[in-house]
Each structure stands twice: as structure tokens, then as C-alpha cells.
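Reading through the C-alpha cells given below for one structure.
Whatever order the structure lists ligands and atoms in, that order sets their numbers, starting from 1.
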Amino acid sequence: MQSMKKIEYPTTVQGMYEHLKARIGKIVPDAELRLKSELAVEINQLKKQKNAVILGHNYMEAALFNSIPDYVGDSLGLSRIAAESTADRIVFCGVRFMAETAKILNPSRMVLLPAEVAGCSLAASITAEDVRNLKAKYPGVPVVTYINTYADVKAETDVCCTSSNAVDIVNKLDSDTVICLPDEFLAKNVARETGKRVITPSEAVQDDFRKAMIVWDGRCEVHEQFTVEDIRNARAQFPETVVIAHPECPPEVVLESDFSGSTTAIVNYVKKSEAQKFLILTECSMADNIAAENPEKEMLGLCSVRCPHMNEITLEDTLKCLQEDIWQIELEEELRVKAKRSLDRMLELS
Ligand code: 13P
Ligand code: SF4
């Protein structure tokens, strides 16, 4: 669902209703579709008047995802679009760290997040001081930080990564030892793929911490819920099911699955696959969005874990934030410049 081509939508309420009905009529009740069509058309008109661009993460709820974003995609794809946008306003339908990333990369634009908070359990799991302490404990070891963090943590980081480029970035660093923060599971999955053993900061510093990945104990509150049992149960009932897991899932879940990748990699995998049935172990709205695009394929309704932070973003609040220019992302300039270095390095390397 990552699209570098601007998405166009019907401009009348009836046209929008028919568009949404065709795509998501099976999962969203008719009365809701009519109401959302009106909201979406109003947002799209205002977007043009105010020269705004709307970016939509793959986890947005189906009606919003299919009616207002100019571009949709994963963290990496949307960061690239945000960095290059010439619009006066960037409205980020995603969570706070994503909107903050847009502001870090493109500070002269007004960046709006359609929610007061819209956090992330990974971003909340680590502070800048935690990173400074790790650097003091492991001097000279490069720090790779997941984009799911706030600006103060990025400012202490050598290079950022996303789920789509983490393995590549770690390989390109050409360092035996790497500190990989803050997602314990993503780091363990990357360690397996890059041939590094995992150590935690609570383990005593030994003379030999070479060829190691030093991990933090952050977890995504959504992906940590998936289990190997979920996969085995699905396969017992439907042996032909293709199982896909986001790399924020526990390592044993990723190992048991058929494919793992970023949200956009998952979208592309389903699109290209000849299989008919999929179990997608990630935030549940994404399965709805994939189903809308691939009506001939079946997404098993076994995962029903919604990210509460992504869920804060609604059509109603997107309209409000555009009408009033509220919930703007502001960053102190010195911090922004420091944080940008780690993002620029990521964009150069990936
Ligand atoms: P992606 O970069 O794969 O879109 O993931 C973002 C995220 O928050 C997953 O939980
Ligand atoms: Fe954060 Fe997990 Fe929600 Fe993604 S799904 S935004 S990692 S809490």
C-alpha cells in the first residue's frame, strides 16, 4: 500500500460513498459509510484550500485509509515523502513519533497530528538518558535506533532504522557490535539475520562483547501479544494459510511464520502471492486495508489486536486539526538538528 503516486478520490459525497462501498462495504455498516463519505469530502476540500498533504500509515482504520490520504505507506516510505513535501501543511495520520519525524526532516512545513497524544509503547520505553548511559557503558559501539522513538532519543543516536531497513543498516555499519534500541523483539530478529548474539544491558560488561547485539527491553504492546499457538491453531484449521508476521513480533513467532517484513513489505507480499488465505500478525486494521485491495483473497479474522494509539486518529479529528491548525508538532531547533543527523544517515544508507 505504499504509493509514491498521489492518490485521487471522488469529489462528491455520492461518489465517495460509492468508492468506499466498493472497497470496504463488507466491513463497515452503510450508515457509517454515508457519514464518513461526507466527512472525507469536506476534509479533501479543505486540504486543497489550505495546501495540505495528508499522509496515512498502513494502520489507519479502513474508512479513513481509503478516503483522505494523498500518500499511504510504512514509516520509511512516509518519512521520505514528508522530507520532500512542498505543501504548506503536512497532516500525519499516524502516531506522534511519525509526525515528529516529518517535522525533524522538513521543519519549514506546519506538521499536524490529528490527536492530542497518539503515543507508542516502544517510543515510551526509552529516554535520552537511557541512551547516554548505554553509550557510557559500551563506549564506541554504534547506536542504531528504531524510528519508533522521540526526538531526544534520536538525537543521541548514530543512525535510525525502520522495520524495512534494519537488517540492511546493521550490515552496512560494518561493526561487530551494535546497540539496537528500543524494541527487544525487532533487535533479536535482526540479530538472527545478521549473525549476532544478543546481550542485554543488565548482563555484566565482559571484556568480549564483540559480535553482539546489545538490546533494550521495549516491546510493542500489539505485536507482543501474538504467539506460536495462534499460528499453529490457524494452520490446523486451514493448512493452506500463509502466515505473515511483522518483525516487532516475538522471534519465535517470526521464525514460525512464512514471511516477515515492514507493513508495506507485507502489503506487497500479499499482492504478489498466488495464495488465497493469509494470517497477518500485525495491527488488525491493516488486514482490512489489504482485503479492500485484494478482494479475491481472504484474510483470516484471527488477529483482532488494534493499536490504541493509531486508533486515536479519526476523520473527525483530522477535520478539526485542519480547520483550526491545532495539534501542531513543535521542536526545539538544537534538538531537531541533532535528531535529524540520525535520520539523514538512515536515508543515505537505505
Ligand atoms: P512499519 O514501519 O512497518 O510501517 O511499522 C510501524 C509500526 O509502528 C509497526 O507497529
Ligand atoms: Fe507503537 Fe506498536 Fe502501535 Fe506500532 S503498533 S505504533 S509499535 S504501539
Quick test: of every protein heavy atom, which one is nearest to [atom], and how far off is it to 0.1 Å?
atom                    : result
atom 7 (C) of ligand 1  : Glu248 OE2, 3.6 Å
atom 3 (Fe) of ligand 2 : Cys307 SG, 2.4 Å
atom 1 (Fe) of ligand 2 : Cys120 SG, 2.4 Å
atom 5 (O) of ligand 1  : His246 NE2, 3.4 Å
atom 2 (Fe) of ligand 2 : Cys220 SG, 2.3 Å

Can you list the atoms of ligand 1 that are under 4.0 Å from a heavy atom of [X]?
X      : value
Tyr59  : 7 (C), 9 (C), 10 (O)
Ser75  : 1 (P), 2 (O), 4 (O), 5 (O), 6 (C)
Asp74  : 1 (P), 2 (O), 4 (O)
Ser262 : 3 (O)
Ser163 : 1 (P), 2 (O), 3 (O)

Modelled atom types, side-chain donor and acceptor of [X] and [Y], under 3.5 Å:
X      : Y      : answer
Arg306 : Ser285 : yes
Ser75  : Thr162 : no
Asn268 : Lys271 : no
Tyr59  : Thr282 : yes
Ser262 : Thr264 : no
Glu221 : His309 : yes

Polar proximity ligand 1 side, [X] side, N/O cut 3.5 Å exclusive:
X      : result
Thr162 : no
Asn148 : yes
His57  : yes

Do [X] and [Y] land in one hydrophobic cluster if side-chain heavy atoms of ILVMFWY residues count as linked below 4.5 Å?
X      : Y      : result
Ile326 : Ile90  : no
Leu331 : Leu112 : yes
Val95  : Leu76  : yes

Numbering as shown, the atoms of ligand 2 that approach [X] to under 4.0 Å (heavy-atom distance):
X      : result
Leu122 : 7 (S)
Ser121 : 8 (S)
Asn148 : 7 (S)

**Request:** For the pair Arg23 and Glu293, evaluate salt bridge (charged side-chain N to carboxylate O under 4.0 Å, His left out) and give the outcome as yes or no after the intermediate values.
**Result:** CA-CA 7 Å; Arg23 287 182 76 86; Glu293 209 152 286; 3.4 Å; yes
**Asked** Does His309 put an N, O or S atom under 2.8 Å from atom 3 (Fe) of ligand 2?
**Response** no
**Request:** Carefully, step by step, assess Lys36 and Glu32 under the rule salt bridge (charged side-chain N to carboxylate O under 4.0 Å, His left out).
**Result:** CA-CA 6 Å; Lys36 296 203 165 172; Glu32 202 179 317; 3.0 Å; yes
**Item:** ligand 2 contacted by Glu248 (non-hydrogen, < 4.0 Å)
**Value:**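 Glu248: in contact with ligand 2 (<4.0 Å).
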**Asked** Between atom CG of Leu33 and atom CG of Asn66, what is the distance when rounded to the nearest 0.5 Å?
**Response** 10.0 Å
**Message:** Heavy-atom contact check, 4.0 Å cutoff: does Glu283 meet ligand 1?
**Reply:** no
